Amino acid sequence: MKKNKPLFITFEGGEGSGKTSNCLLLKEYLENKGFKVFLTREPGGASLAETVRKILLDPNSKLTPLSELFLYEAARAQHIKEIIEPALKSGAIVICDRFTDATVAYQGYARGINTGLIGKLNKAASFGLDPALTIYLDVKPEIGLGKAKKLNKESYGKNGDRIEMESLQFHKNVRKGYLAQAKKYPQRIKVIKTDKDTEKTQKLIRKEVDKCLTKF
Ligand code: TMP
């Protein structure tokens with residue numbers, strides 16, 4: 001019998017920060033502790049949202065900043081109702097690879113859309129759901145971007161997906177956005193530098209998650 005612990009944890013980070021492998025390692029850790037765990041991602045998670053993800057990441061999609069923002073939010077609204085809410089109701093710990101902080105960092109700080117508007121849309125599309133804990137994996141884009149493009153080479157070619165193709169300055173602004181969010185919400189967002197090996201990074205993540213498990 002699995003332990004019930006409806007808890008919403010999100011992972012954030014720039015390109016090539018190692019979110020995806022750390023999400024998987026955390027899932028394994030929590031499952032070994034006896035929890036029911038559900039791992040999902042944004043944009044995506046639900047069938048329609050995965051279709052929207054393809055449009056968003058396709059280097060051939062010509063999107064204006066506002067239509068890009070609305071597509072991320074549309075995918076989110078579907079994901080929340082179809083996947084996240086039911087998983088939390090079933091008593092699972094939900095780990096989500098990216099969530100609303102990504103929209104503030106990418107569409108707000110990097111694309112330059114008003115962050116007040118983004119805050120309102122984030123709230124509407126997530127139906128007010130806030131993560132109990134957000135792990136922000138901090139990597140300098142000068143390091144992470146190259147790693148991400150290498151990983152994505154087969155799917156999108158050497159320049160990466162539509163977002164990875166953006167300039168170094170764009171990705172520096174993304175990082176600025178995340179760090180500003182972390183400063184604003186220090187209780188929720190924990191910054192973990194990924195200049196260590198995966199094992200050490202995962203150890204720091206587990207420490208934060210264990211603290212959160214005792215709190216909620
Ligand atoms: P990834 O998380 O698999 O790297 O790909 C998702 C991409 O979408 C990544 O470049 C970040 C970007 N993104 C946004 O620009 N805004 C958002 O709200 C979300 C969730 C992701």
Side-chain angles (χ1 to χ4, degrees), residues 8-24 39-46 48-59 61 63-80 83-84 94-115 117-127 129-131 134-139 141 143-157 159-178 180-181 189 194:
F8 186 40
I9 300 173
T10 60
F11 272 72
E12 298 285 357
E15 313 300 325
S17 58
K19 286 178 297 91
T20 309
S21 29
N22 276 296
C23 280
L24 280 166
L39 176 58
T40 186
R41 67 174 179 182
E42 286 208 349
L48 179 134
E50 287 291 336
T51 306
V52 173
R53 178 186 177 92
K54 286 199 186 100
I55 299 170
L56 281 164
L57 298 187
D58 182 351
S61 296
L63 298 175
T64 68
L66 260 191
S67 48
E68 178 187 89
L69 169 65
F70 289 139
L71 286 176
Y72 277 110
E73 299 292 7
R76 177 165 300 135
Q78 195 73 22
H79 187 211
I80 290 273
I83 305 290
I84 296 181
V94 176
I95 303 172
C96 191
D97 188 341
R98 294 197 190 279
F99 195 56
T100 45
D101 296 306
T103 323
V104 177
Y106 283 82
Q107 281 64 52
Y109 278 75
R111 286 273 187 246
I113 299 175
N114 181 285
T115 50
L117 170 67
I118 292 177
K120 283 185 191 141
L121 291 175
N122 273 349
K123 199 162 188 182
S126 61
F127 299 85
L129 177 69
D130 265 331
T134 297
I135 301 288
Y136 167 59
L137 295 180
D138 186 39
V139 64
I143 297 167
L145 205 49
K147 270 194 212 167
K149 285 185 186 178
K150 223 184 246 172
L151 277 174
N152 258 341
K153 205 168 143 194
E154 263 183 35
S155 319
Y156 296 104
N159 294 326
D161 66 33
R162 198 181 58 86
I163 305 279
E164 288 161 357
M165 287 167 70
E166 289 293 341
S167 66
L168 182 61
Q169 189 55 51
F170 176 95
H171 290 281
K172 282 184 175 174
N173 291 340
V174 167
R175 181 166 182 245
K176 219 182 268 176
Y178 273 130
Q181 285 287 97
I189 305 179
T194 56

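For ligands, and for the atoms within them, numbers begin at 1 and follow the listed sequence. Computed from a prediction, not measured in an experiment: that's the story for all the values here. Sequence positions, counted from 1, serve as the residue numbers for this chain.
Applying the 4.0 Å criterion to heavy atoms of Arg53 picks out, from ligand 1, the atoms 1 (P), 3 (O), 5 (O). Each of the atoms 17 (C), 18 (O) of ligand 1 lies under 4.0 Å from some heavy atom of Thr103. The atoms of ligand 1 that sit less than 4.0 Å from any heavy atom of Gln107 are 14 (C), 15 (O), 16 (N), 17 (C), 18 (O). If you number the atoms of ligand 1 from 1 as listed, the ones under 4.0 Å from a heavy atom of Glu15 come out as 4 (O), 9 (C), 10 (O). Residue contact check: Arg76 has heavy atoms under 4.0 Å from atoms 18 (O), 20 (C) of ligand 1.
Among all protein heavy atoms, the one lying closest to atom 7 (C) of ligand 1 is Leu57 CD2, 3.7 Å.
Salt bridge Glu164/Lys147: absent, no basic N to carboxylate O contact under 4.0 Å.
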Query raised in the report: Step by step, would you call Thr20 with Asp97 a side-chain hydrogen bond (donor to acceptor under 3.5 Å, both in side chains)?
Result: CA-CA 7 Å; Thr20 309; Asp97 188 341; 3.1 Å; yes
Requested in this report: Verify side-chain hydrogen bond (donor to acceptor under 3.5 Å, both in side chains) between Tyr72 and Gln107, making sure each step is shown before the conclusion.
Outcome: CA-CA 9 Å; Tyr72 277 110; Gln107 281 64 52; 4.8 Å; no
Report task. Report the C-alpha separation of Tyr109 and Thr115 in whole Å, then their side-chain angles, then the decisive distance to 0.1 Å, and conclude whether the side chain to side chain contact (heavy atoms under 4.5 Å, CB included) test is met. Result -> CA-CA 8 Å; Tyr109 278 75; Thr115 50; 4.2 Å; yes
Report task. Before giving the answer on side chain to side chain contact (heavy atoms under 4.5 Å, CB included), spell out for Arg162 and Glu68 the whole-Å C-alpha distance, their side-chain angles and the decisive distance to 0.1 Å. Result -> CA-CA 11 Å; Arg162 198 181 58 86; Glu68 178 187 89; 2.7 Å; yes
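Annotation: Tyr72 places an N or O atom under 3.5 Å from an N or O atom of ligand 1; distance criterion only.
With a 4.0 Å cut-off on non-hydrogen atoms, Lys19 touches ligand 1 through its side chain and not its backbone. Under 4.0 angstrom from ligand 1, there are no non-hydrogen atoms of Thr100. Contacts between Ile163 and ligand 1 below 4.0 angstrom, taking non-hydrogen atoms only, involve the side chain exclusively.
Of the candidates Glu164, Glu73, Arg98, Arg41, it is Arg98 that places a heavy atom closest to atom 11 (C) of ligand 1.
With values rounded to the nearest 0.5 angstrom, Glu73 atom CD is found 13.5 Å from Gln78 atom CD.
By the 4.5 Å heavy-atom criterion applied to side chains, Tyr136 and Arg175 are counted as neighbours.
Thr10 places no side-chain N or O within 3.5 Å of a backbone atom of Arg98 that could act as its donor or acceptor partner.
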